[in-house]
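Have a look at the structure below, then the notes.
Just so it is clear, the model here is predicted, and its values are computed rather than measured. Only heavy atoms go into these numbers, but all of them, side chains included; no hydrogens, no water, no symmetry mates.
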Amino acid sequence: QVQLVESGGGLVQAGGSLRLSCAASGRTFSSSGMGWFRQAPGKEQMFVATINWSGGLTSYADSVKGRFTISRDNAKNTVYLQMNSLKPEDTAIYYCAGRINDGLGYRGEEYKYWGQGTQVTVSS
């Protein structure tokens, strides 16, 4: 059974930082593209960041570019999202997702595996 488990969410003041982790089990994702998405209350799920198998290629939503960094440790089968300079509008449930194949993915339907999500709340 494939599982993606996110951790690291919480409550932080505006301007603060959080580091999300996504630990995978049941399948190696070392040759797969991975991504982070988020969903705020009453809003559609949106793309946040994506990374290819090696970590050599990354891409970000414009709203987080320059503040968030996606990375991975294939030896640990884990993907990270470092979030700096957090803003109240970053408040959402953050989901980790895994593709079957390599490559960057910008749409939810490009991912087969999903975590349960971790809540990030940024207070003003």
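Y111 and V48 fall into different hydrophobic clusters, where Ile, Leu, Val, Met, Phe, Trp and Tyr side chains are chained together by heavy-atom contacts under 4.5 Å. At a threshold of 4.5 Å between side-chain heavy atoms, the hydrophobic network of Ile, Leu, Val, Met, Phe, Trp and Tyr places F47 and L104 in one connected group. The cluster map of Ile, Leu, Val, Met, Phe, Trp and Tyr, joined by side-chain heavy atoms under 4.5 Å apart, puts V64 and Y80 in different clusters.
The heavy-atom pair separating C96 from M34 by the smallest distance is SG-CE, 3.9 Å. Smallest separation of non-hydrogen atoms from I51 and T58: CG1-CG2, 3.7 Å. Residues M46 and A61 share a closest heavy-atom pair of CE-CB, 4.1 Å. When every heavy atom of Q45 is checked against every heavy atom of G108, the shortest pair comes out as OE1-CA, 4.4 Å. Taking every heavy atom of both residues into account, A14 and S124 meet most closely at CB-CA, 4.3 Å. Scanning both residues, V79 and W36, for their nearest heavy atoms gives CG1-NE1, 3.5 Å.
In this structure, the separation between OH on Y94 and OG on S7 is 15.0 Å, given to the nearest 0.5 Å. Taking OG from S123 and CD from Q13, the interatomic distance works out to 5.0 Å, rounded to the nearest 0.5 Å. Rounding to the nearest 0.5 Å places CG of N52 at 13.0 Å from CG of N101. Rounding to the nearest 0.5 Å places OG of S21 at 9.5 Å from CD of Q82.
Counting only heavy atoms from C-beta outward, the side chains of T91 and Q119 approach each other to under 4.5 Å. The closest side-chain heavy-atom distance from S32 to R27 is below 4.5 Å. Within the 4.5 Å cutoff, the side chain of T69 has heavy atoms near those of the Y60 side chain. L20 places a side-chain heavy atom less than 4.5 Å from the side chain of M83.
Remark: the R99 side chain and the T50 side chain contain no N/O donor-acceptor pair separated by less than 3.5 Å. With 3.5 Å as the limit, one finds no donor-acceptor pair spanning the side chains of S31 and D102.
Applying the salt bridge (charged side-chain N to carboxylate O under 4.0 Å, His left out) test to pairs two or more places apart or on separate chains, those with a residue in residues 86-96 are R38-D90, R67-D90.
The residue from Y106, Y95, W114 that alone fulfils the ring pair (Phe, Tyr, Trp, His ring centres under 6.0 Å) condition with F37 is W114.
One N or O on the side chain of E6 and one on the backbone of Q116 form a donor-acceptor pair closer than 3.5 Å.
Enclosure of atom NZ in K65 by more than 12 non-hydrogen atoms of other residues, nucleotides or ligands within 6.0 angstrom is indicated.
Considering only residues two or more places apart in sequence or on other chains, T28 meets the side chain to side chain donor-acceptor pair (under 3.5 Å) condition with S30.
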